[in-house]
Novice: 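One structure, as structure tokens, below. Some questions next.
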Amino acid sequence: MHSNVVNGGYESKSIEKKWLKKWEEDGINNLKDSSRKNKFYCLEMFPYPSGEPHMGHARNYTIGDVLARIKSRQGFNVLHPMGYDAFGLPAENAAIKSGIHPKKSTFTNIRKMEEALMKMGMTYNFKEQVITCEPEYYKWTQWFFLLLYKMGLAEKKEGPVNWCGSCQTVLANEQVIDGRCERCDSEVTRKNLSQWYFKITDYAQALLDDMELLKGWPDRVLTIQKNWIGRSEGAKINFKLDDNDEEIFIPVFTTRPDTIFGVTFFILSPEHPLVEKIVTDKETRKEIDRLKILISKQTDIERGSAIAEKIGGFTGRYVINPVSGEKVPVWIANYVLSDYGTGAIMAVPAHDERDFEFAKKYQIPIREVISPTGKISAEIKEVFTGNGKMVNSGQFDGLDSEEGRQKIIKYIVEKNIGNAEINYKLKNWLISRQRYWGAPIPIIYCEKCGMVPVPEKDLPVILPEDVDFKPTGLSPLSYSEKFVNARCPVCGSPSKRETDTMDTFVCSSWYFLRYCSPSYDKEAFRKEEVDYWMPVDQYIGGIEHATMHLIYSRFFTKVLYDAGLINFKEPFTRYYPHGVVTLGGQKMSKSKGNVINPSEIYDKYGSDTLRLYILFIGPADSIVDWSDKGVEGSYRFLGRFYRIIAENINKLEKSGFLRSKNIAGQKSARIVPDTLDGPSKELARKLHQTIRKVTDDIFRFNFNTAISAVMELLNSISKYNSLKKADDFNDMLLFETTENILKLISPIAPFIAEELWEKLGMEYSIHKTAWPEYDPEFAKEENITIVFQVNGKIRDKKDFSLDCSEEEVSRYAFSSPRIVESIGDKKVVKKIFVKNKLYNIVIV
RNA sequence: GCCCGGGUGGCGGAACAGGUAGACGCAACGGACUUAAAAUCCGUUGAGGCUUGUCCUCGUGUCGGUUCGAUUCCGACCUCGGGCACCA
């Protein structure tokens, strides 16, 4: 290690080294204390062990660490755990490239992460980490799979899936961004495969309803989730195929049953199973087949975006509108999706943008049935999607569209042709992956018994280590004879194991429960521990997990609740999304080479500087751009802090104050307000105001302003120290201020605080002391500045005593030359007095 | 296209309930210390004006409104960021 960057007497390197060692020996970073009554579970999203924590991790974990430390100092029993989301593609991809086994690289990386987190002074109990790729953990991930299976929430289904050709695996909908793979950015194609799904859609409504319990979540996150779940209310209506031989009903979903008289055509998605059946004419069939192939070749981007061109064709057949009795043509079109609603729609071109565009292109009639004015338009030039009066709608004419919707639903229910229905955009969670580095799905296929779940007593299904994990599109595990061949748990005959592994989001959907009893080996979690610690009081992590991890974790929690295994419905009481750290306005990324690692910073300036800077850089939830100058500023501040406090300690030593009293043990005989005056009183006030502000700001996640308050206090101390007259000086006050400023900075910059605490002769450790509380008597301002305005413009300012009367203020106002001059010969019509703030004279 | 957030000095950002806009920090400039530099310490620093003051005018994306008073509330627009995006 090289010497410190020049900074007065502040030797961050040796200080941090010294305390790291001491803290580790004493286990001081474990904040659990079962003798305390109230608990606080502070959780930060655990990292994927990529090798070294990045700046986002540093930000995330520093925020959590500060909160956990303060909660502990405020007397809470604090659970502040750490672990690793250790399964996943990157390790496997790296293994394919470099030949190093994922297990080896993962554990090497974990050690590195661990060391870095320790160096940053994080208060995790490193002895109780949770690592998802260990059999002791994934045994219970598999147990969860079985639980969902038993509850009918896990199913194997043939269906179109998102296939990433480069990763050679299936992706969940959430992992596809703009038709591309989230990880490798290559284009995602559709493929029909038999895959495992978790039926999260069964919980769509519960996920929406229970948002009411998430008062401690930012609205924007709930909005994202609502959007993702995509609930829409409407009706399912059956249209009968116009056919002489057979009664075929085709249901559609619509949110606008009130527009049913405006249906001028009907569309099936190209993948709709009835397309095959109903197209009878040979020539038409040719054309429809051609279209189907054309559309199936379209990528998600070409087909899926709102601006994509609409294409389709007439099937030669008709359906009967069940309400109007009208016969309308059946088309297929690329813009009708097979996996939403019923895969078929009633098209109302006058009142739907997409149908309008399609009708115009293919010259299909457009009929107005909702009119904003109630009058029928002569010509339809544009779509009207709003509410209005129903027209051209038979017995429903004249109704408001909202009312019409209810009336039509009532009608179709009575006539037995449909019903009210709710649809969600949320799709079932596809969890199988044709990859090696994941938790094996605990299922066995027996020729006689069929699909058999692995009995709980046989868990874990161990992921074998001697496997060839080259990507072939098939699960690497399928090449391992040893793994694949098994005995049927039911009949004992030779069987085959499921060779897919689980999406890593399954592992991370319950880790917060495991933290409550990390080494318990009888169950996934010890109930008493979970009852005590859960739900998480404060969760902190990137907003990019709003739709995946956070929804899945909420889903898992609800499943456990319904299984009667836990007594809460939501895992995270409060959630705080921190912002990302950019460099030059760009997202830091290894591939672009624009990365600043936390280690560079703590190696050069120390972890205190890193922590301080990352909190001071800007509001914790906003995107912040890295600035080397800013880091230096933080480092300089700590140097200045060190010098000024050391000077205080010096002074107190010289005056004999520190020797004369057994300060460390002394809690009583502190300053009484009346005994102070002048600069001392001012400093005492500043101190108590700072205690109040820092505490308030930190719990509002305003770390930047909390730090600026500490800076201001330091400036006040510095000024106080430069006082000429010795009588103005109060040793006790200086001591108390020193003691408290150290406490205030201690969760943010734990090393320097501990060092100076020791220098002050206090009992080890500052991190075990109670968090300071402010005294309102001290914090109270004596004088306040009243602002004088004339017609809202500031004309004068003057100090008055707190709570002074309007009369007093008014008397001054009308004697102030500047104010009198501003009034001139105008007439005073009104006087506004805001206590302790301002006096405004209104003239005309 | 729809739904959320933001736009404040040269820069990052303060202003918690409509009441002193620019806290704190960075950068810059001036001074002290030094043979010198670095570091440190002390100042100045939104723009413009002159009558240089405890001064005046302007100023929180643009335009308008409510109010004695608007960065804060309302309306329209411009712009940046995020989410969703043929979801019937």
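Letters A, B, ... are given to chains in the order of the sequence lines, protein chains preceding strands, and every chain is numbered from 1.
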Novice: When the C1' atoms of B/G22 and B/A47 are compared, how many Å lie between them, rounded to an integer?
Specialist: 13 Å
Novice: Do A/T315 and A/W331 make a side-chain contact, defined as non-hydrogen atoms from C-beta onward lying under 4.5 Å apart?
Specialist: no
Novice: Relative to the ring of A/F701, is the ring of A/Y576 parallel (under 30°), tilted (30 to 60°) or perpendicular (over 60°)?
Specialist: parallel
Novice: Let me know the distance between CD1 of A/I794 and P of B/U54, rounded to the nearest Å.
Specialist: 17 Å
Novice: Counting any heavy atom closer than 4.0 Å, what does A/S232 reach on the DNA or RNA strands: base, sugar-phosphate only, or nothing?
Specialist: sugar-phosphate
Novice: Under 4.0 Å from OP1 or OP2 of B/C11: is there any side-chain N or O of A/S627 that close?
Specialist: no
Novice: Quick one: sort the A/F637 and A/F641 rings into parallel, tilted or perpendicular, breaks at 30° and 60°.
Specialist: tilted
Novice: Measure CZ/A/R640 against C1'/B/C24 and give the value in whole Å, please.
Specialist: 12 Å
Novice: From the list B/C24, B/C41, B/A39, which nucleotide is the closest neighbour of the side chain of A/R636?
Specialist: B/A39
Novice: Between A/E11 and A/K13, does any NZ, NE, NH1 or NH2 come within less than 4.0 Å of an OD or OE carboxylate oxygen?
Specialist: no
Novice: Whole angstroms only, please: what is the OH-P distance between A/Y10 and B/A39?
Specialist: 18 Å
Novice: Over how many whole Å does the gap from A/I745 atom CD1 to B/G25 atom P extend?
Specialist: 13 Å
Novice: In residues 223-231 of chain A, what residues come within less than 4.0 Å of RNA chain B, judged by heavy atoms?
Specialist: A/T223, A/I224, A/N227, A/W228
Novice: Nearest of B/A88, B/C84, B/G25 to any side-chain atom of A/F616?
Specialist: B/G25
Novice: Quote, to the nearest angstrom, the P distance that separates B/G59 from B/U71.
Specialist: 9 Å
Novice: How would you label the contact of A/V336 with the nucleic acid (heavy atoms, under 4.0 Å): base, sugar-phosphate, or nothing?
Specialist: base
Novice: Using atom types as modelled, flag every donor-acceptor pair under 3.5 Å from a side chain in residues 704-711 of chain A to any protein atom, sequence neighbours excluded.
Specialist:
residue: A/T705; atom: OG1; partner: A/D697; partner atom: OD2; Å: 2.8
residue: A/T705; atom: OG1; partner: A/N702; partner atom: O; Å: 3.1
residue: A/S708; atom: OG; partner: A/T705; partner atom: O; Å: 3.0

Novice: Measuring from the side chain of A/R795 (C-beta onward, heavy atoms only), which nucleotide among B/C56, B/G19, B/C68 has the closest atom?
Specialist: B/C56
Novice: Step through it carefully: locate the ring centre of A/F239, locate the ring centre of A/F266, and say whether they are under 6.0 Å apart.
Specialist: yes
Novice: Roughly how many Å is it from NZ in A/K310 to P in B/A88, rounded to a whole number?
Specialist: 14 Å
Novice: Is RNA chain B part of any stem, that is, at least 3 consecutive Watson-Crick or G-U pairs with both distances under 3.5 Å, and where?
Specialist: B:1-7 with B:78-84, B:10-12 with B:24-26, B:28-32 with B:40-44, B:46-49 with B:55-58, B:61-65 with B:73-77
Novice: With P as the reference atom in both, quote the distance from B/C74 to B/A70 in angstrom, rounded to an integer.
Specialist: 16 Å
Novice: Whole angstrom is fine here: how far is it from NZ in A/K629 over to C1' in B/C26?
Specialist: 9 Å
Novice: Anything under 3.5 Å between a protein N or O and an N or O of nucleotides 69-74 of chain B, put it in a table, one pair a line.
Specialist:
none

Novice: Students often get this wrong, so: under 4.0 angstrom with heavy atoms, is A/E821 touching a base, only sugar-phosphate, or nothing?
Specialist: nothing
Novice: Does B/A17 fall in syn (glycosidic angle within 90° of 0) or anti?
Specialist: syn
Novice: Please identify each residue that fulfils side-chain contact (heavy atoms from CB on, under 4.5 Å) with A/F800, with sequence neighbours left out.
Specialist: A/I784, A/I786, A/F788, A/K798, A/C804, A/E808, A/V809, A/Y812
Novice: Whether A/K310 engages the ring of A/Y335 as a cation-pi pair (distance to the six-membered ring centre under 6.0 angstrom, angle to the ring normal within 45°) should be assessed.
Specialist: yes
Novice: Does the pair A/E806/A/K831 count as a salt bridge with the N-to-O cut at 4.0 Å?
Specialist: no
Novice: Given B/U40, B/C56, B/A23, which nucleotide is nearest the side-chain atoms of A/R643?
Specialist: B/U40
Novice: With heavy atoms under 4.0 Å as the rule, sort A/N334 into base, sugar-phosphate or nothing.
Specialist: base
Novice: Measuring from the side chain of A/S708 (C-beta onward, heavy atoms only), which nucleotide among B/C68, B/A23, B/C84 has the closest atom?
Specialist: B/A23
Novice: For this output row, return yes or no: ring centroids of A/Y203 and A/W429 closer than 6.0 angstrom.
Specialist: no
Novice: Would you mind telling me which of B/G19, B/C24, B/U20 lies closest to the side-chain atoms of A/T785?
Specialist: B/U20
Novice: Is there a side-chain contact between A/K797 and the phosphate of B/U20, meaning an N or O under 4.0 Å from OP1 or OP2?
Specialist: no
Novice: Under a 4.0 Å N-O cut-off, is there an ion pair linking A/R685 with A/E782?
Specialist: yes
Novice: Any N/O pairs under 3.5 Å between the protein and nucleotides 13-18 of chain B? List them or say none.
Specialist:
residue: B/A14; atom: OP1; partner: A/N704; partner atom: ND2; Å: 3.3

Novice: Checking understanding here: a glycosidic angle within 90° of 0 is syn, the rest anti, so what is B/G64?
Specialist: anti
Novice: For the pair made of CZ in A/F641 and C1' in B/G25, what is the distance, rounded to whole Å?
Specialist: 16 Å
Novice: Report the nucleotide, chosen from B/A88, B/G19, B/C41, that has the shortest atom-to-atom distance to any side-chain atom of A/T254.
Specialist: B/A88
Novice: Round to the nearest Å and state the distance from A/Y605 atom OH to B/A39 atom C1'.
Specialist: 14 Å
